[in-house]
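Written out below as structure tokens is the structure these notes cover.
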Amino acid sequence: MPEPDPSAGVRFGDEPPEVPGDAVAVYRGAAFALSDRAGDVLPHTVTGVFSADTRHLSHFELSIDDMRLAPLSSGHVEPHEARFFLTNRGGSVARHGLSIERRRVIGEGLRESIIVRNHDNVPVRTELVLRCAADFADLFEIKNAAGRTTGSFTSQQDLSTHSISFSYERGPFRASTDIRFSRDPEFRDDAVVFTLELPGRGSTDIVVDVTWTRKDEREAPILVRSRPVATLGDEDLGATAWLRMLPQLRSDNDDLERTWLQSCTDLAALRMHVERANRSVQIPAAGLPWFMAVFGRDTLVTSYQSLFVAPDLARGTLQLLADLQGDEDDAFRDEEPGKIMHELRHGELTVCGDAPHRPYYGSVDATPLWLIVLSEYHRVTRDDDLVRTLWPNVGRALGWIEAARRRDRNGLLTYQTRSSKGLHNQGWKDSGAGVRFADGRIAQAPLALCEVQGYVFDAYDRIAELAEGVMDDAGLAATLRKERDALRERFDDLFWTDDRDGYYVIALDGDGTQVDSLTSNIGHLLWSGIAPDKRAQPIVDRLFSGDLWSGWGIRTTAWSDAGFSPLGYHTGTVWAHDNSLISAGLARYGFRDELNRIATAMLEAAEHRGYRLPEAFAGYDRADTVFPVRYPTASDPQAWATAAPFLWMREMLGLHVDAGGGLAADALVPEAFLPLRSFGIPAAGRRWDVQVADQVSVTEQPVA
């Protein structure tokens with residue numbers, strides 16, 4: 001009898017499960033703790049303490065006299081730090097006779113300070129109980145509600161060190177969790193018990209330190225690190241210094257300032273410190289809680305959005321993805337030579353070979369996007385050295401695109417997974433139902449997405465510029481421009497339809513049939529520049545029709561399509577990053593009032609969400625809602641939503657590095673945001689201040 005597949009039932013890439021709306025998360029890079037509002041991690045839920053795609057605590061529940069505590073208030077001090085205020089429900093001490101405060105901070109470990117206060121004037125004696133367990137579940141098992149794989153579990157209690165430890169192994173996967181307490185505990189099965197004797201109006205505290213280790217037998221392609229756990233109140237685990245380097249925004253519009261500051265704070269917290277060989281770089285994780293990992297597409301888009309804020313993220317992203325560029329033909333991982341990866345994971349399923357994410361290459365757009373971001377990074381920084389260093393990777397990426405296009409009869413870049421665990425859809429709308437016909441039918445691969453052809457067009461144009469201007473290769477530049485022009489002409493013939501007053505369909509299927517849904521993807525055709533000028537106005541008309549325009553932003557799919565749902569993950573919701581790229585496309589074609597319309601609406605949406613834009617929100621019409629409706633499974637924060645305000649601000653200010661190597665601004669800023677001042681914008685190796693009021697001024701900061 002064959003061995004059961006340990007990953008049976010695991011779905012890779014579909015919509016993630018819902019996280020309770022009152023859940024509290026602390027996070028730093030790839031490590032995060034997700035709990036309920038009492039601070040508890042409860043069994044059989046999605047909560048836990050996670051690092052490198054592994055749940056290192058699956059039970060972490062505090063009680064008094066074995067009665068659950070009643071939550072009063074909870075909230076963040078910083079993204080990596082939270083406080084929980086609780087009280088007792090009764091027992092040996094009268095109800096509400098005690099206050100319990102949990103102070104939690106996470107880095108490369110988790111530290112929790114538990115403070116118990118007696119409100120009575122007389123002494124009390126009670127028991128504080130902390131129940132702990134670690135199941136070491138792979139994030140995919142939790143994300144997809146799959147059954148737990150079975151390996152070897154051990155646990156050990158050590159009174160001499162006031163600690164308890166858990167360990168697990170299966171095949172090459174090895175993980176452990178250690179919990180150390182600041183005072184003597186009593187161990188009772190899965191419970192750690194502290195007898196508390198509090199004088200009248202007295203208090204006591206217990207510090208709990210949780211650390212985790214991984215000693216897999218298979219070396220990981222990269223090492224992902226968080227910053228060390230800090231003492232409560234310390235300066236933000238190194239984020240404060242990094243935040244000081246980001247541009248500051250000042251406006252008479254307080255809501256705009258708050259949104260900018262929240263985006264900066266979240267971007268700082270989402271940074272991962274990644275080590276490979278002798279290189280250490282910082283890149284943004286994709287999003288909390290399910291995507292705290294290295295991605296291709298998400299990380300590239302976030303880096304592009306952030307170029308006039310934190311260009312070091314783009315540099316690190318470009319270097320790391322070049323290091324992990326495909327070397328061989330591996331069907332299980334959808335890897336091909338020259339291809340840029342999609343997703344890298346470190347959990348048990350990946351380490352044991354049950355999942356293909358070491359790394360997985362199932363992304364059709366990451367490779368052209370890598371080329372686009374390299375070009376844009378160069379335009380902003382004028383960093384010739386990085387272009388020269390990565391030029392062999394450029395050649396390999398172009399080679400993969402050329403080889404993949406040769407497989408299609410129309411010379412388009414298509415996708416179709418070869419992996420038993422691969423993604424059915426491999427564009428940014430990568431859920432299984434993400435690409436549909438207008439009548440609601442799900443399109444079957446191989447598929448050629450409209451926006452991906454635009455990315456290829458733009459990549460050819462941009463790499464031709466680098467070939468000519470940096471690498472002195474006029475021959476390659478001419479070849480790429482010839483391919484660019486031919487692709488543009490072919491694209492318009494194949495993807496345009498005169499239905500619905502004219503628009504570009506989302507895709508062509510393997511038979512060359514138009515997949516005729518009306519989607520936000522058409523806005524990306526403006527961003528890439530593949531749409532001829534004569535098509536720009538019809539695209540804009542479709543984008544701002546009642547079909548796609550919700551009033552809060554542009555929906556992923558038209559209201560009139562049979563597959564539309566305001567709660568469809570990629571078929572009706574409103575995504576911040578999608579709207580930001582569409583906005584950049586509108587600016588490219590001169591539709592700057594329309595750009596401002598999107599930016600203003602989305603920034604107003606952020607005001608309703610604590611000045612943070614989540615991954616997506618529901619696609620209901622604004623006329624029917626007084627606030628954007630929460631999408632239940634949205635990552636929050638999510639990197640390319642976090643960075644969307646940076647791109648809107650760049651486009652409203654019209655920022656670009658001019659031919660003389662200085663920062664220029666061609667601003668058209670909504671009146672509600674004026675006057676506007678941005679200080680310390682990095683560009684061309686210098687820092688700049690931009691002010692917009694009655695006039696626009698750009699000033700270079702003196703060198704410190």
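What you see is a predicted model; the values in this text were computed from it and never measured.
Using the six-membered ring where Trp is involved, W640 and W428 have ring planes that are perpendicular, over 60° apart on the 30 and 60° scheme. The aromatic rings of F627 and H608 sit tilted, their planes meeting at an angle between 30° and 60°.
Contact check for F84 versus E101: no side-chain heavy atoms found under the 4.5 Å cut-off. When side chains are defined from C-beta on, W496 counts as touching R535, because their heavy atoms get closer than 4.5 Å. Side-chain contact between F591 and L595 is absent, with no heavy-atom pair separated by less than 4.5 Å. Using a 4.5 Å heavy-atom cutoff, the side chains of V690 and L676 are not in contact. In this structure, V515 and L449 have side chains that are not in contact, with every pair of non-hydrogen atoms separated by 4.5 Å or more. Counting only heavy atoms from C-beta outward, the side chains of T302 and L313 never approach each other to under 4.5 Å. Side-chain contact between P247 and P682 is present, with at least one heavy-atom pair separated by less than 4.5 Å. Between T265 and R612 the shortest side-chain heavy-atom distance does not fall below 4.5 Å.
Here the side chain of N253 pairs a donor or acceptor atom with the backbone of A672 at under 3.5 angstrom. Judged by distance alone, with hydrogens and angles left aside, the side-chain atoms of H76 form a donor-acceptor pair with the main-chain N or O of A25 at under 3.5 Å. Of the possible donor and acceptor atoms, none in the side chain of E651 sits under 3.5 Å from a partner among the backbone N and O of N596. Not a single donor-acceptor pair under 3.5 Å links the side chain of R104 to the backbone N or O of L110. No donor-acceptor distance shorter than 3.5 angstrom exists from the side chain of R542 to the backbone of I539, with no hydrogens or angles considered. Listed for the R89 side chain is a donor-acceptor partner under 3.5 Å among the backbone atoms of L69. Under the 3.5 Å distance criterion, the side-chain polar atoms of D516 are left unmatched by any main-chain donor or acceptor of V505. Between the side chain of T556 and the backbone N or O of T573 there is at least one donor-acceptor pair closer than 3.5 Å. Between the side chain of D40 and the backbone N or O of L62, at least one donor-acceptor pair lies under 3.5 Å. With S517 contributing its side chain and R436 its backbone, the two residues share a donor-acceptor pair below 3.5 Å.
With values rounded to the nearest 0.5 angstrom, D458 atom CG is found 9.5 Å from I530 atom CD1. Rounded to the nearest 0.5 Å, atoms CD1 (I115) and CG (L86) are 11.5 Å apart. In this structure, SG on C450 lies 4.5 Å from CG on L525, to the nearest 0.5 angstrom. Of the inter-residue distances, the one linking L369 atom CG with T299 atom OG1 reads 11.0 Å to the nearest 0.5 angstrom. The distance from the OG atom of S520 to the CG atom of L581 is 10.0 Å, given to the nearest 0.5 Å. The structure places CD of Q691 at 11.5 Å from CG of L653, a figure rounded to the nearest 0.5 Å.
Checked by atom type, the side-chain pair E594/Y589 shows no donor-acceptor distance below 3.5 Å. Judged by distance alone, the side chains of E61 and H59 do bring a donor and an acceptor atom under 3.5 Å apart. Side-chain contact of Y27 with D266: a donor-acceptor pair under 3.5 Å is present, judged by distance alone. Side-chain contact annotation: D547 with S545, donor-acceptor N/O pair under 3.5 Å absent. Between the side chains of D541 and Q537, at least one donor-acceptor pair of N or O atoms lies under 3.5 Å. W552 and T625 share a side-chain donor-acceptor pair at under 3.5 Å.
Checked for salt-bridge contact, R592 and D666 meet the test: a charged N lies under 4.0 Å from a carboxylate O. Under a 4.0 Å N-O distance rule, the pair R630/D636 does not qualify as a salt bridge. Using a cutoff of 4.0 Å between basic side-chain nitrogens and carboxylate oxygens, R297 and E451 are not scored as salt-bridged. No salt bridge links R250 with D689; every basic N to acidic carboxylate O contact stays at or beyond 4.0 Å. Salt bridge K429/D578: absent, no basic N to carboxylate O contact under 4.0 Å.
Counting non-hydrogen atoms of other residues, nucleotides and ligands closer than 6.0 Å to CZ of R95 gives a total of 12 or fewer.
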Practice task
Take Q638 and L613 through the side-chain contact (heavy atoms from CB on, under 4.5 Å) test and state the conclusion after the steps.
Solution key: CA-CA 8 Å; Q638 196 234 25; L613 284 166; over 6 Å; no
Exercise for the section: Could you walk me through whether Q305 and S580 pass side-chain contact (heavy atoms from CB on, under 4.5 Å), step by step? Expected result: CA-CA 8 Å; Q305 295 167 316; S580 77; 3.0 Å; yes
Handout entry: Stepwise side-chain contact (heavy atoms from CB on, under 4.5 Å) check, F295 with T317
Key = CA-CA 9 Å; F295 278 77; T317 294; over 6 Å; no
Practice task
Begin with the C-alpha distance, continue with both residues' side-chain angles, and end with the deciding distance and a verdict on side-chain contact (heavy atoms from CB on, under 4.5 Å) for T519 and H570.
Solution key: CA-CA 10 Å; T519 66; H570 293 125; over 6 Å; no
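Here the closest heavy-atom approach between residue S528 and residue G454 is recorded as CB-O, 3.1 Å. The heavy-atom pair separating L34 from T47 by the smallest distance is O-CB, 3.0 Å. Minimum interatomic distance between P614 and R609 (heavy atoms only, all atoms of both residues): CG-NH1, 3.5 Å. The shortest heavy-atom contact between P645 and S263 is CG-OG, 3.5 Å. Taking each heavy atom of L307 and E376 in turn, the nearest pair found is CD1-CG, 3.4 Å. The heavy-atom pair separating F673 from L603 by the smallest distance is CZ-CD1, 3.8 Å.
Cation-pi contact between R345 and F140: present, with separation from the ring centre below 6.0 Å and deviation from the ring axis of at most 45°.
Taking the six-membered ring wherever Trp is involved, the centroid distance between the rings of W260 and F646 falls below 6.0 Å. Here Y304 and W527 bring their ring centres to under 6.0 angstrom of each other. Between Y504 and F495, the distance from one ring center to the other does not fall under 6.0 angstrom.
The one candidate from R500, R441, R555 that meets the salt bridge (Lys or Arg N to Asp or Glu O under 4.0 Å) condition with D561 is R500. Paired with E615 under the rule side chain to side chain donor-acceptor pair (under 3.5 Å), one option of Y631, Y569, W575 passes, and it is Y569.
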